[in-house]
Amino acid sequence: MDNGFFKNIEKKTGVNMKDVLELANSLQHANFQDEQTVRGVIKKVSRLANKSVPKQMEDQIVQSIVKDGKKLDVQTITNMLNKK
């Protein structure tokens, strides 16, 4: 990928792309049927984005992924956040 591309994203979002890529790498073999793993991912993403996730929303995301078997992707998370 073009380094300028990442720099533009960092400038617009304030999120370090190295951190995002490290998170993505750590998720490749994660067990999303494990509640603690999913909660850990939610916390990591929350820290990266510098946004807090209310306990109720965290519980809804965990329920959706672990118990309902939904895939963990950007669209799923966006839809959950927009339901507020």
Side-chain angles (χ1 to χ4, degrees):
M1 273 274 165
D2 180 21
N3 199 25
F5 174 75
F6 286 130
K7 291 295 179 193
N8 281 338
I9 291 174
E10 285 179 353
K11 192 161 72 168
K12 288 181 181 181
T13 65
V15 177
N16 184 314
M17 291 312 300
K18 180 181 177 224
D19 293 339
V20 172
L21 294 174
E22 286 176 4
L23 174 63
N25 257 352
S26 74
L27 298 179
Q28 285 184 339
H29 301 290
N31 176 6
F32 290 107
Q33 297 304 308
D34 176 60
E35 182 176 330
Q36 294 305 316
T37 299
V38 174
R39 288 188 188 280
V41 169
I42 293 167
K43 285 177 177 43
K44 285 180 186 177
V45 172
S46 171
R47 275 193 304 268
L48 275 178
N50 199 25
K51 302 281 183 188
S52 64
V53 176
K55 177 73 170 135
Q56 181 181 5
M57 180 170 287
E58 180 182 322
D59 291 342
Q60 288 175 341
I61 294 170
V62 169
Q63 169 78 28
S64 178
I65 295 167
V66 174
K67 294 183 175 71
D68 297 343
K70 284 194 180 172
K71 291 189 291 184
L72 182 63
D73 58 34
V74 174
Q75 189 60 49
T76 301
I77 294 170
T78 301
N79 288 343
M80 288 177 183
L81 294 173
N82 288 333
K83 284 183 182 178
K84 274 182 95 173

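Met17 contributes atom CE, which lies 11.5 Å from atom CD of Glu22 (distance to the nearest 0.5 angstrom). The line from CE of Met57 to OG of Ser46 is 11.0 Å long, rounded to the nearest 0.5 Å. One distance of note links NE2 of His29 with CG of Asn31; it measures 13.0 Å at 0.5 Å rounding. Note that NZ of Lys43 and CD of Gln36 are 8.0 Å apart. Values are rounded to the nearest 0.5 Å.
The neighbour count for Lys18 NZ, taken as heavy atoms of other residues, nucleotides or ligands under 6.0 Å away, does not exceed 12. The number of heavy-atom neighbours closer than 6.0 Å to CG of Asn25, taken from other residues, nucleotides and ligands shown, is above 12.
Heavy-atom minimum distance, Val41 versus Phe32: CG2-CE2, 4.0 Å. Heavy-atom minimum distance, Val62 versus Glu35: CG1-CG, 3.5 Å.
Side-chain contact between Asp59 and Arg39: present, with at least one pair of heavy atoms (C-beta onward) separated by less than 4.5 Å. Side-chain atoms of Lys44 and Ser26, non-hydrogen and from C-beta on, do get closer than 4.5 Å to each other.
Take Glu10 and apply the salt bridge (charged side-chain N to carboxylate O under 4.0 Å, His left out) test, not counting sequence neighbours, and it matches Lys7. Scored by the side-chain hydrogen bond (donor to acceptor under 3.5 Å, both in side chains) test, Thr37 finds Asp34 as partners (sequence neighbours excluded).
Of the candidates Asn16, Leu21, Leu23, Asn16 is the only one forming a side chain to side chain contact (heavy atoms under 4.5 Å, CB included) with Asp19.
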